[in-house]
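In what follows, chains carry the letters A, B, and so on, assigned in the order in which the sequence lines appear, proteins first and then strands, with residues in each chain numbered from 1.
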Amino acid sequence: MRAHVIALIDCTSFYVSCERVFQAALHNRPTIVLSNNDGCIVALSSEAKKLGLKRGQPLFKYQQLIRKHGVQVYSSNYSLYQEMSARVMDVLVRFSPRLEVYSIDEAFLDLSSLSIEDLAEFGRTIKARVLQYTGIPVRVAIAPTRCLAKIACELVKDDPRYGDVLDLTGFTGQQLDEALARVPIEDVWGIGHKYARFLRNYGIATARDLRNADERWIRRHLTVVGARIQAELQGTACLPLEVKRPPKQQIVCAKSFGREVTSRPELEEAVSTYTARVAEKLRAQDSLCGRLSVFLRTNPFERDGEPYANEFTIDLLHPTSFTPELTRQALAGLRAIYREGYHYKKAGVALSHITPLPVVQPDLFGEVTLGEHYRQARLMAIVDAINRIFGRDTLYFAVQGIARDWRMRQAMLSPPFTTRWDDILTI
DNA sequence: CGGCGTTAG
DNA sequence: TATTCTAACGCCG
């Protein structure tokens, strides 16, 4: 069997790059994109990194720095990023049908069966084509396993001399050894801050140390996840590509409010809105759910004021994806845990016990007849279609509220460059 | 099977 | 003044 060849394509500062595609003036200027609610920094341009801004940090820490250097600040515009991501993936899949969309800004390409002469040259072609067709800059890292491709990507990030493309497949044992020794243990894929601390205590400080560590010891202390990482670092592929993403087993919508909320009606609006959203996602993957949880909490960072957090889980009598039914259950759950007088900061709804939509299974729905089930499904299909075509919330349920001024802050949103129909109609 | 801990992006 | 969100997986009781 031929050796594996895996390419990792990673979009550079993806959210920032998306904003830049449509606003040439942002190039070369320090630019950042914020999390939901404009709270934390989630993406930074290289210029912003040089100023000392850090991913994950709250914005307020940097107000001075931002003003002083004219840092360009944007709220997250997920519909824009999703659209740009789809365009990037469309370009990539033409290089190989064996594409795994790993995240919004990353993909793995299986090049094993393509017998390419010069992989680095191929990587440069990928980079050039994605840039030409989408305006998004990417890095391309090529290796015999996914984990080694991740290592290559770290090396590329740290050294501009690679020009955003690196192929490890041709490396000698000695070259690979030196490369692995340059990657700190916390930058190894799958090693988070806890494991990194633990491993450093035992003198395992680089990717090379982990590759060479005692295998039984790794298995014992880092579980099979660690054992797989180690095998992949040794060149044995054991994390297969998932070209078809399996349906989600859990679907959650949980958001902080733009301000503190105390009244029950407003919480009901929020919970209804989140329920409509998770139900929509559930239907989009052709599933039903058997369990719903609703939770709420006060601001955990608030020093004064009584903290309160609670959650309520409901096992549904029959699997469903019907928004009105899920909303009824969610509001009943909310009633069970709502307490007067608290300053709520966040609420959420989660669907679980998810099953694929059955083709025919007449007794599945208990009290709800099959005919009633199909009627509900058709109704929701129409609602989904209208919202897909005319934009989110073109059609929504009255319980979700009209004013909804508890919604998250997005004060610095860029215009909808790619989704013209947004926000046109409210019915 | 559910809760918890860890990780990723 | 101000502190993201979503999802998966392994282990353990």
Side-chain angles (χ1 to χ4, degrees), chain A residues 8-15 32-44 54-64 66 73-78 81-82 85 100-108 146-147 150 153-154 157 185-199 218-229 239 242 245-260 274 277-278 281-282 285 290-291 293 295 297-304 311 313 315 343 345-354 407-412:
Chain A
L8 168 63
I9 295 90
D10 170 90
C11 300
T12 311
S13 304
F14 182 57
Y15 294 175
I32 60 175
V33 176
L34 305 178
S35 65
N36 280 346
N37 251 329
D38 295 342
C40 292
I41 301 173
V42 291
L44 313 82
K54 293 262 189 307
R55 195 192 129 86
Q57 293 298 305
L59 183 66
F60 69 83
K61 283 192 178 178
Y62 299 116
Q63 276 311 354
Q64 282 216 320
I66 285 166
V73 181
Y74 285 88
S75 303
S76 293
N77 187 344
Y78 282 105
Y81 310 150
Q82 202 58 67
S85 176
E100 175 179 334
V101 178
Y102 179 69
S103 71
I104 195 165
D105 69 340
E106 266 182 71
F108 289 98
R146 311 174 85 191
C147 206
K150 280 285 194 178
C153 194
E154 290 299 320
K157 278 180 195 171
I185 192 69
E186 37 279 294
D187 291 349
V188 175
W189 193 33
I191 305 296
H193 65 289
K194 293 264 184 183
Y195 282 158
R197 254 197 67 158
F198 173 76
L199 291 169
I218 292 296
R219 173 66 183 81
R220 191 159 63 242
H221 290 101
L222 267 63
T223 80
V224 325
V225 177
R228 289 199 192 109
I229 294 167
L239 301 171
E242 285 187 352
R245 299 238 96 178
K248 290 179 179 63
Q249 300 169 30
Q250 185 178 218
I251 297 174
V252 182
C253 180
K255 289 188 208 315
S256 304
F257 305 127
R259 58 168 168 79
E260 285 176 346
Y274 299 166
R277 182 77 194 110
V278 288
K281 289 196 215 174
L282 184 69
Q285 66 165 31
R291 172 175 286 188
S293 300
F295 69 88
R297 67 162 164 78
T298 56
N299 186 348
F301 296 99
E302 184 59 59
R303 309 298 299 211
D304 357 296
E311 110 172 83
T313 299
D315 280 306
H343 301 290
K345 183 61 180 171
K346 183 175 184 174
V349 176
L351 304 181
S352 54
H353 287 194
I354 288 173
R407 279 191 296 187
M408 66 184 187
R409 285 183 293 265
Q410 282 186 303
M412 292 151 284

Using atom [atom1] of [X] as one end and atom [atom2] of [N] as the other, report the distance to the nearest whole Å.
| X | N | atom1 | atom2 | result |
| --- | --- | --- | --- | --- |
| Leu222(A) | dT7(B) | CG | P | 8 Å |
| Arg55(A) | dT4(C) | CZ | P | 12 Å |
| Lys346(A) | dT3(C) | NZ | P | 12 Å |
| Gln285(A) | dA8(C) | CD | P | 8 Å |
| Glu154(A) | dG9(B) | CD | C1' | 13 Å |
| Gln250(A) | dA7(C) | CD | C1' | 7 Å |
| Gln82(A) | dG9(B) | CD | C1' | 13 Å |
| Glu260(A) | dT3(C) | CD | C1' | 13 Å |

Out of [options], whichever nucleotide has its closest atom nearest the side chain of [X]:
| X | options | answer |
| --- | --- | --- |
| Tyr102(A) | dG10(C), dG9(B), dA7(C) | dG9(B) |
| Gln249(A) | dC9(C), dT4(C), dA7(C) | dC9(C) |
| Trp189(A) | dA8(C), dA8(B), dC5(C) | dA8(B) |
| Lys345(A) | dT4(C), dT3(C), dC11(C) | dT3(C) |
| Val252(A) | dT6(C), dA2(C), dG9(B) | dT6(C) |
| Cys40(A) | dT6(C), dG10(C), dT3(C) | dT3(C) |
| Gln63(A) | dT4(C), dA2(C), dA8(C) | dA2(C) |

**Request:** On the 0 to 90° scale, with breaks at 30° and 60°, tag the Phe257(A)-Tyr274(A) ring pair as parallel, tilted or perpendicular.
**Result:** parallel

ring-ring contact (aromatic ring centres under 6.0 Å, His included) involving [X] - partner list, sequence neighbours excluded:
| X | result |
| --- | --- |
| Tyr195(A) | none |
| Phe60(A) | none |
| His221(A) | Phe198(A), Trp217(A) |
| Phe295(A) | none |

**Asked** Which residue, Gly39(A) or Glu242(A), contacts DNA chain C at a nucleotide closer to its 5' end, judged by nearest heavy atom?
**Response** Gly39(A)

**Prompt:** For Pro247(A) and Tyr78(A), take the nucleotide of DNA chain C holding the closest heavy atom to each; which residue's nucleotide lies nearer the 5' end?
**Reply:** Tyr78(A)

For a quick check of understanding: with a heavy-atom distance under 4.0 Å over all strands, which category does [X] fall into, base, sugar-phosphate or nothing?
| X | value |
| --- | --- |
| Arg197(A) | nothing |
| Val188(A) | sugar-phosphate |
| Ile104(A) | nothing |
| Leu59(A) | nothing |

**Message:** For a quick test of reading the model: is some side-chain N or O of Lys150(A) closer than 4.0 Å to OP1 or OP2 of dG9(B)?
**Reply:** yes

**Message:** Less than 4.0 angstrom between a side-chain N/O of Arg146(A) and OP1 or OP2 of dA8(B), yes or no?
**Reply:** no

**Prompt:** Can you tell me how far the NZ atom of Lys346(A) sits from the CD atom of Glu260(A), to the nearest 0.5 Å?
**Reply:** 14.5 Å

**Asked** Hey, is NZ on Lys157(A) packed in by over 12 heavy atoms from elsewhere, all under 6.0 Å?
**Response** yes

**Message:** Suppose we screen for side-chain contact (heavy atoms from CB on, under 4.5 Å). Which residues come up paired with Lys194(A), at least two apart in sequence or across chains?
**Reply:** none

So which protein N/O to nucleotides 2-6 of chain B N/O distances come out below 3.5 Å?
{"from": "dG2(B)", "atom 1": "OP1", "to": "Arg291(A)", "atom 2": "NH1", "distance (Å)": "3.2"}
{"from": "dG2(B)", "atom 1": "OP1", "to": "Arg291(A)", "atom 2": "NH2", "distance (Å)": "3.1"}

